[in-house]
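Here's the structure, in structure tokens; my notes come after.
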Amino acid sequence: MQSDVQESAEQAMSLLHNVVDSLPDGALQERLSSARAEGRPLRVKLGIDPTAPDIHLGHAVVLRKLREFQDLGHRVVLIIGDTTAQVGDPSGRSTLRPILSAEEIERNAATFQQQAMKILDDSPQSLEIRHNGEWLQMALAELLALMRTTTVAQILERDDFAKRLAAGQPVSVLEMMYPLLQGYDSVAVRADVELGGTDQKFNLLLGRDIQRAYGQPSQAIVTMPILVGIDGRRKMSKSLGNHIGITEQPAEMFGKTMSIPDEAMEEYFRLLLGREMPTDLGPRDAKRLLGRELVTWLHGPDQAREAQAAFDRLFVEGREPEDMPEHRFGVDGAPVHLPALIASAFGLSRSEARRLLVAGAVQIGEQRLDGQEQDLPAEALDGQVLKVGKRRFCRLRAA
RNA sequence: GGCGGGGUUCCCGAGCGGUCAAAGGGGACGCGCUGUAAACGCGUUGGCUCUGCCUUCGCAGGUUCGAAUCCUGCCCCCGCCA
């Protein structure tokens, strides 16, 4: 039997894989040892604000690390930020967040929680799920006490506030409260460790100060790299539209993965699969492997094979997909007006459909249209495949 | 509360009485090339019954033949002073 100190050191070492910051130095190991001395697992906190309905691969990076803690016998405390979501975390933001309704937050929270279980172990001893409304709906006196723990100067140290201030952009007092509320979450759940992306560093550190103000030991903080989105430039985020959702369809997931820039691959391998990018494959094959592995992880091996086959059929062989939605169009004897047909088939405006038509983006079967002709007889369309751009397909049916 | 600056199309930003659906850039989309990568080239980027019509430049009124551009009130943002 090895010594506690030794084992704590080993755990700390393995948990630091892929981590950007573990602060303060040695704090994680210290927390591990002291929990061990008390004969209990660590309480490892992650707060997620349900501002969007889906979890994406960016969240997955942090969730995977949490899973590592669980696999070592520690307890994850997942905080659904139903109340903080109404405040809006300004981290990394250059503008105010829109305000969500309570119902939206509720809905998002439900799917969030469910999706997180794709990665986390949901056995009761490994996972505790809380809503911060439990303690943040506090009396004014308590809120004032919380506000007394921190100075404006401390808050304004934060980079995004400083930048916005310098750029003459608004910073609301409400936003400045956000880090305090998040810090108070740590107090409420008595967190030993809190995880987050690197953009959370400030908030996580402030949580330490707030715990201290409440007479608690300060949490160790662990920050994970921010996963770049499929555009390869900006942070993965739903609102930027550069995300891959963890419940997305296999084909979609594979396709999106194939569209990431080569430079992002290595990071995807490391942060999402926990392995190094193979060096013996060319970039194209490495990316295909990445796509297969991601789909295998989140859907299964069969789905991964199918996704790749469907992809090849579509983009390598240039054929139509095996199944596609059917679009029924009405027939009244007159020729079918294509902009109207395209618009209703794919939810575009007619003007947009017309532009695509003129730009040569539209195909009926094998026939690419040049946009000279905007009306076609129904017989020429019935049963044909309508293709707009590279990836919009549907089978036309006269009704 | 006072003084000054500002709110323009998805974003940034030019326009400051007609030639404005509004320069330029970004993003996005389309075509070409290709590995649904990058880079590059070309094009598109309010709506429609589309050589024209309608709606849009914080909101509401007004002046004018005509307003994103001028006037009045209101809302919001930024700075300085208090």
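Keep in mind that the numbers below use all heavy atoms, side chains included, and drop hydrogens, waters and symmetry copies. In the text below, chain A, chain B and the rest are named by the order of the sequence lines, each starting its count at 1.
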Rounding to a whole Å, what distance do you find between [X]:[atom1] and [N]:[atom2]?
X	N	atom1	atom2	answer
A:R350	B:G46	CZ	C1'	16 Å
A:N242	B:G27	CG	C1'	12 Å
A:L281	B:G35	CG	P	17 Å
A:H337	B:U49	NE2	C1'	9 Å
A:K390	B:G32	NZ	C1'	10 Å
A:Y268	B:A37	OH	C1'	13 Å
A:K287	B:G35	NZ	P	12 Å
A:D231	B:C10	CG	C1'	15 Å

Would you measure the distance from the [atom1] atom in [N] across to the matching atom in [M] and give it in whole Å?
N	M	atom1	value
B:C42	B:G47	C1'	26 Å
B:G25	B:U34	C1'	27 Å
B:U69	B:A22	C1'	11 Å
B:C74	B:A23	C1'	32 Å
B:A68	B:U9	P	14 Å
B:C78	B:C12	P	15 Å
B:G26	B:G41	P	11 Å
B:C81	B:C10	C1'	38 Å

From the list [options], which nucleotide is the closest neighbour of the side chain of [X]?
X	options	result
A:S351	B:C77, B:C48, B:C31	B:C48
A:A361	B:A37, B:U36, B:G30	B:G30
A:R355	B:G47, B:G30, B:U36	B:G47
A:R284	B:C78, B:G35, B:U44	B:G35
A:P261	B:U36, B:A38, B:U44	B:A38
A:L356	B:A38, B:C29, B:G35	B:C29

Open item on the list: Between A:R313 and B:U36, is there a contact of a side-chain N or O with OP1 or OP2 at under 4.0 Å?
Closed with: no

Task: Phosphate contact (B:A37 OP1 or OP2) by A:S259 side-chain N/O below 4.0 Å - done: no

Search all heavy atoms of [X] against all heavy atoms of [Y] and return the closest pair with its distance.
X	Y	value
A:L272	A:W297	O-CZ3, 3.7 Å
A:D122	A:L127	CA-CD2, 3.9 Å
A:P225	A:T198	CA-CG2, 4.4 Å
A:F393	A:K390	CE1-O, 3.7 Å

Base, sugar-phosphate or nothing for [X]? Non-hydrogen atoms, less than 4.0 Å.
X	value
A:G168	sugar-phosphate
A:L314	nothing
A:P283	base
A:S349	sugar-phosphate

Open item on the list: Go nucleotide by nucleotide along RNA chain B from the 5' end; which of A:F311 and A:L348 gets its closest nucleotide reached first?
Closed with: A:F311

Open item on the list: Heavy-atom nearest nucleotide on RNA chain B for A:R288 versus A:V388: which residue maps closer to 5'?
Closed with: A:V388

Taking a pair as Watson-Crick or G-U wobble with both distances under 3.5 Å, which nucleotide is matched to [N]?
N	answer
B:G27	B:U45
B:G1	B:C81
B:G73	B:C59
B:C40	B:G32

Task: Heavy-atom donor-acceptor pair, A:D285 side-chain to B:G35 base, under 3.5 Å - done: no

Open item on the list: Is it true that A:D121 and A:S123 share a donor-acceptor pair across their side chains at a distance under 3.5 Å?
Closed with: yes

Open item on the list: For A:T247 and A:K118, which I'm curious about, is there any donor-acceptor pair between the side chains at under 3.5 Å?
Closed with: no

Task: Any A:F269 side-chain heavy atom under 4.5 Å of A:P278 side chain - done: yes

Open item on the list: When you measure from the side chain of A:Q115 to the backbone of A:I55, do you find a donor-acceptor pair of N or O atoms at a distance under 3.5 Å?
Closed with: yes

